[in-house]
Student: 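Here it is, the structure, as structure tokens.
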Amino acid sequence: MDKIFINGGNPLKGEVTISGAKNAIVGILPATILAQDVCVIENVPNISDVSMMLRILHQLGARVRHIDETTVEIDSSTINSYVVTHDMTKHLRASYYFIGALLARFGRAKVAMPGGCNFGVRPIDQHIKGFEILGTEVNLKENAMIDADSNGLSGGLIYLDVVSVGATMNLMLAAVKAKGLTVIENAAKEPHIVDLANFLNSMGADVRGAGTDVIKIRGVEKLHGCTYSAIPDQIEAGTFMVAAAATKGEVLIKNVIPKHLESITNKLIQCGVEVEEYDDSLLIKGTCRPKKCNVKTMPHPGFPTDMQPQFTTLLAVAEGTSIVSEGVWDNRFQYVEQLARMGANITVNGKAATVEGVESLNGSPVKADDLRAGAAMLIAGLIAKGTTEIENIVYIDRGYDNVVGKLQALGADIRRVTDDDTPKVVESAG
Ligand code: EPU
């Protein structure tokens, strides 16, 4: 398996450009199915989750072509199947967006259960409830294949019992061509929800209220192709912000939407990090040892759960004791065991961790338990004394575009060692 080796201790310095947002693109790519036309998507990150979504589109019959490194053209007029098999869905959570998109296109979708990073139970009951309200009969075959069938979808009022990014996006996809009005209440408000709505509207949909907790979708008969550029990745940006602060570096983070990063910026400032905000960039200056601070993850606009492992790593070397509470997932502290190997002093009690800041970490062999856990290992390796060797980096490849190259350009002593003989796909992620 490929590994990443880091000799820690170099402060990150320079500029880094953030790629397109994974969690927006994984909704936008299935949404192209609705156009039955050609869509050109720009600012597409080069990550394995995207490659997998493009493979599923290709398998369904779409014509997929890379115009350049970050631009993909998808002609969905040739799609002739509504079946997505387990060998495709097992690789990533976001494969469930094909249910909403195929339902909207064909009134039918047969999609195998999605994979996903293992941080507790990940039910999809809210997706199913919503599809049913829109007039779909959903059958779960041996808990493996979701068979959603309808005689044409009709709008309805869907109140989500929990704020769910996935359910909100999936139901938006299903509803854009449903007859009449669909209202999603208690909707998620993440930037990627707004981005998906903007993309759907660029194709001729009528989606209003995305970014608030009530989204109204008036069904339209037909959508058309368009050219669309995805937003920058909030979590990649946050990861570089924390890495800059943790290494006491000075990094200009370019191609960001500062508003999307406010909860992270705010916590960094509380830790004593200097943050200068510009129109589409942020300058991070980690001038001294970070101070303790308490963090609770919540749905947007709260502090993102997908930044929790990275921020805990910063707090592991902060002055004083911090409490980190996880408000979204039941089991997202598995990576703490890896940090402990490097000398971190963190005690986990259920969905909260007490982080006693230590002076420094020591390099060690560690593994990425999931995507963001992998990002935490990168940050830990950058600050640790000595060499850190990270295994299971296929997880990191799912969500970080050229992370080794970007960190090298910032002065990190980091390299990837490739073992070409080893298969690179794992069973679950994202
Ligand atoms: N939930 C339910 N029922 C449902 C759906 C969700 O009870 O039908 C619960 C979940 O168990 C969880 C909470 O609702 O406790 C939130 O789950 P959500 O549906 O919002 O998560 P998701 O859509 O599966 C996306 C991101 C995750 C990110 C979460 C929360 C994608 C592909 N994944 O997952 O991103 O952690 O939202 O923001 O968009 C990552 O990028 O590393 C990642 C894991």
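Start at 1 with the first residue, then count along the sequence. Counting starts at 1 for both ligands and their atoms, in listed order. Since this is a predicted model, take the numbers as computed values, not measurements.
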Student: Which of the atoms of ligand 1 are close to R332, meaning less than 4.0 Å from one of its heavy atoms?
Tutor: 36 (O), 42 (O), 44 (C)

Student: Okay, side chain of R341, backbone of P365: is any donor-acceptor separation there less than 3.5 Å?
Tutor: yes

Student: Any idea which part of R372 is under 4.0 Å from ligand 1, heavy-atom wise: side chain, backbone, both or neither?
Tutor: side chain

Student: Within the 4.0 Å heavy-atom shell around Y96, which atoms of ligand 1 are there?
Tutor: 22 (P), 23 (O), 24 (O)

Student: With a 3.5 Å distance limit and no angle check, can you tell me whether T71 reaches the backbone of I67 through a side-chain donor-acceptor pair?
Tutor: no

Student: Determine, using heavy atoms of M169 and all atoms of ligand 1, whether some pair is separated by less than 4.0 Å.
Tutor: no

Student: Using a 4.0 Å heavy-atom cut-off, which part of Y395 comes near ligand 1: side chain, backbone, both, or neither?
Tutor: neither

Student: Only heavy atoms of Q126, strictly under 4.0 Å: list the atoms of ligand 1 that pass.
Tutor: 3 (N), 4 (C), 8 (O)

Student: For ligand 1, which atoms, with element, lie under 4.0 Å from some heavy atom of H127?
Tutor: 8 (O)

Student: Quick one: list whatever passes side-chain contact (heavy atoms from CB on, under 4.5 Å) with P304, sequence neighbours left out.
Tutor: Q234, I235, S263, I264, M307

Student: Take every heavy atom of R398, measure it against each atom of ligand 1, and state whether any distance is under 4.0 Å.
Tutor: no

Student: Which atoms of ligand 1 sit under 4.0 Å from any heavy atom of K22?
Tutor: 40 (C), 41 (O)

Student: For N23, is at least one N or O under 3.5 Å away from an N or O on ligand 1?
Tutor: yes

Student: Select one of side chain, backbone, both or neither to describe which atoms of H192 lie under 4.0 Å from any atom of ligand 1, heavy atoms only.
Tutor: neither

Student: Can you tell me if NZ on K254 sees more than 12 non-hydrogen neighbours from other groups inside 6.0 Å?
Tutor: no

Student: Closer than 4.0 Å to some heavy atom of G166 - which atoms of ligand 1 meet that?
Tutor: 19 (O), 23 (O)

Student: Compute whether any side-chain donor of one residue and acceptor of the other, for S150 and R108, lie under 3.5 angstrom apart.
Tutor: no

Student: Parallel, tilted or perpendicular: which fits the ring planes of H300 and H260, with parallel below 30° and perpendicular above 60°?
Tutor: perpendicular

Student: At under 4.0 Å between heavy atoms, which part of A167 makes contact with ligand 1: side chain, backbone, both or neither?
Tutor: neither

Student: Is the closest N or O pair between L371 and ligand 1 shorter than 3.5 Å?
Tutor: no

Student: Just going by heavy-atom distances, which of V165, D125, T297 is nearest to atom 18 (P) of ligand 1?
Tutor: V165

Student: Just verifying a value: how many Å separate I4 CD1 and M377 CE, rounded to the nearest 0.5 Å?
Tutor: 12.0 Å

Student: Would you check if the side chain of D233 reaches a backbone N or O of K22 as a donor-acceptor pair within less than 3.5 Å?
Tutor: yes

Student: Evaluating non-hydrogen atoms only, which member of V328, D306, T168, D233 is closest to atom 27 (C) of ligand 1?
Tutor: D306

Student: Keeping the roles fixed (side chain from T89, backbone from M113), state whether a donor-acceptor pair exists under 3.5 Å.
Tutor: yes

Student: Is the number of heavy atoms from other residues, nucleotides or ligands within 6.0 Å of CD (E277) greater than 12?
Tutor: yes

Student: Just to be sure I read this right, does ligand 1 sit under 4.0 Å from the backbone of Q308, its side chain, both, or neither, counting only heavy atoms?
Tutor: neither

Student: Can you list everything that forms a ring pair (Phe, Tyr, Trp, His ring centres under 6.0 Å) with F98? Sequence neighbours excluded, please.
Tutor: none

Student: Please could you name the atoms of ligand 1 that T305 approaches to less than 4.0 Å, counting only its heavy atoms?
Tutor: 30 (C), 36 (O), 38 (O)

Student: Hey, is V162 touching ligand 1 through its side chain, its backbone, both or neither, going by heavy atoms under 4.0 Å?
Tutor: side chain

Student: Between the main-chain N or O of I217 and the side-chain N or O of D206, is there a donor-acceptor pair closer than 3.5 Å?
Tutor: no

